[in-house]
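These notes concern the structure reproduced below.
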Amino acid sequence: MATAEVRAVIPELSYEQHKGEMGKVGVVGGSVEYTGAPYYAGAAALRAGADLVHVFCDPAACVPIKSYSPELIVHAALDAADPDGTLAAVHKWFPALHSLVIGPGLGRNPGVFAGVRKVIEAARAANKPLVLDGDGIQLVVETPAVLSGYKRAVLTPNVNEYDRLCAAMKLDPGTSPAVLSKVFGGVTIVRKGQIDVISDGERTVECTERGCPRRCGGQGDVLAGAMGTFLAWHVNKDPAFDSSNVVYALGACMLTRKSANIAYMACGRSTTTLELLKNVGPAFKALFESDL
């Protein structure tokens, strides 16, 4: 049933389509220390089916990220000394973006956080779907109000990040994703783990797709990027966002876990996130196009 629901929201490919119609995703992240995370997120968004991906990063991260892939459009946009400049550099691209993924490799520089908060506020005003992962979650932990009540947003915490989110909202660590979502005003929560639990406060589903026992870095970035593509499809299919994020988030979780499992079956202990990325296409076909 879950697979059928996800299949129903995936847009069909057509020879009549034009570049960009299958999704244009922005990734806000990348610092001097962390250049792999935004690459993984952007590459995953492309391999999940988005047509175009923009990466908005620290200037010091631009050349490394550009060198990883000729397919990513990379902007030197995050200026720790000028939060308004960060906002201007990202905001001018809003008309060319369906969704934003915020956090992969972002780092925790207070000046960068100040600029990215402004980006989140502007995205909310523009009704852009948002995925927040990694350091983007830490930003929300520090200022929950920046995201509270925004139902077009998805938070993708691991177990430690989940505990910090609960503490920020004055909840016990064992609080369910459904309750955390309600306290956040309907933000979709994806609590990652052996089983991913997804809730928007009204509906809760579990992703039991078998994943990978290797916990190499970057797998969460792949999920965040794939989630950006699924949310781009959501806003294209349902511009008013009357339907829930849950099925779209479930699709991204299924795809990421299946990709990881295929990679692990081939590579075992030597599996890295690069192998996971290579298997996004085969995983998508196995899950959602096996009868085509």
Side-chain angles (χ1 to χ4, degrees), residues 22-31 34-58 61 65 68-69 71-75 77-78 86 89-91 93-94 96-107 112-113 115-117 119-124 126-140 146-147 150 152-158 161 187-190 192 198 217-236 245 248-249 251-253 255-256 259 273 276-277 280:
M22 290 299 288
K24 295 174 287 186
V25 178
V27 177
V28 180
S31 56
Y34 304 112
T35 59
Y39 163 71
Y40 284 140
L46 287 170
R47 290 174 184 257
D51 286 339
L52 294 167
V53 173
H54 294 252
V55 176
F56 303 93
C57 64
D58 184 291
I65 297 171
Y68 300 152
S69 172
E71 297 165 318
L72 301 176
I73 305 165
V74 185
H75 308 268
L78 306 182
T86 293
V90 180
H91 185 267
W93 288 98
F94 273 19
L97 300 172
H98 292 117
S99 64
L100 283 169
V101 178
I102 296 177
L106 184 65
V112 172
F113 268 19
V116 173
R117 284 191 192 95
V119 171
I120 293 172
E121 292 165 356
R124 291 187 63 163
N127 291 319
K128 297 289 182 187
L130 299 174
V131 182
L132 285 97
D133 184 60
D135 293 322
I137 293 174
Q138 180 59 32
L139 187 155
V140 174
V146 75
L147 204 66
Y150 191 53
R152 297 191 181 206
V154 177
L155 284 163
T156 59
N158 60 28
E161 293 163 342
V187 172
T188 300
I189 305 294
V190 178
K192 298 180 291 193
I198 305 158
Q219 295 182 70
D221 303 308
V222 170
L223 173 61
M227 195 80 68
T229 295
F230 272 84
L231 291 193
W233 292 342
H234 190 176
V235 76
N236 281 344
N245 265 331
Y248 294 86
C253 289
L255 178 60
T256 303
S259 303
T273 301
L276 193 156
L277 270 180
V280 171

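Note: hydrogens, waters and symmetry copies are ignored here, and every other heavy atom, side chains too, is used.
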Only pairs under 3.5 Å count here: list side-chain donor-acceptor contacts from residues 220-232, not counting sequence neighbours, and write none if there are none.
from: Thr229; atom 1: OG1; to: Ala45; atom 2: O; distance (Å): 2.8

* To do: Taking Arg47 for its side chain and Gly42 for its backbone only, find out whether a donor-acceptor pair lies under 3.5 Å.
  =>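 Such a contact is absent between Arg47 side chain and Gly42 backbone.
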* Within the distance-only criterion (no hydrogens, no angle test), does the side chain of Trp233 pair as donor or acceptor with the backbone N or O of Gly23 below 3.5 angstrom? ->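 Pair absent, no side-chain N/O of Trp233 close to backbone of Gly23.
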Closest contact, heavy atoms only, [X] versus [Y]:
X      : Y      : answer
Asn245 : Ala153 : ND2-O, 3.9 Å
Val74  : Cys57  : CG1-SG, 3.7 Å
Glu71  : Leu46  : CB-CD1, 3.8 Å
Val116 : Leu78  : CG2-CD2, 4.3 Å
Thr156 : Glu161 : O-OE1, 4.0 Å
Gly30  : Pro38  : CA-CG, 3.6 Å

Spacing of [X] atom [atom1] and [Y] atom [atom2] [to the nearest 0.5 Å]:
X      : Y      : atom1 : atom2 : answer
Lys24  : Phe94  : NZ    : CZ    : 13.5 Å
Glu121 : Leu147 : CD    : CG    : 11.0 Å
Tyr150 : Thr188 : OH    : OG1   : 11.5 Å
Gln219 : Tyr40  : CD    : OH    : 10.0 Å

What pairs with [X] under side chain to side chain donor-acceptor pair (under 3.5 Å), at least two apart in sequence or on another chain?
X      : value
Asn127 : none
Asp135 : Arg108
His98  : Asn236
Thr35  : Tyr68

* Does atom OH of Tyr34 have more than 12 heavy-atom neighbours, drawn from other residues, nucleotides or ligands, at distances under 6.0 Å? ->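 No, because the 6.0 Å sphere around OH of Tyr34 holds 12 heavy atoms or fewer from other groups.
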Sub-4.5 Å side-chain heavy-atom contact between [X] and [Y]:
X      : Y      : result
Leu97  : His54  : yes
Val101 : Val25  : yes
Leu155 : Ile137 : yes
Leu255 : Val280 : yes
Val27  : Val53  : yes

* Asked: According to the interplanar angle, ranging from 0 to 90°, do the rings of Trp93 and His75 count as parallel (below 30°), tilted (30 to 60°) or perpendicular (above 60°)?
  ->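 Ring orientation, 0 to 90° scale: tilted.
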* Asked: Could you walk me through whether Val131 and Ser99 pass the side-chain contact (heavy atoms from CB on, under 4.5 Å) check?
  -> CA-CA 8 Å; Val131 182; Ser99 64; over 6 Å; no
* To do: Kindly write out the residues that satisfy salt bridge (charged side-chain N to carboxylate O under 4.0 Å, His left out) with Asp133, not counting sequence neighbours, or none if the list is empty.
  =>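 Partners of Asp133 under the salt bridge (charged side-chain N to carboxylate O under 4.0 Å, His left out) test: Lys192.
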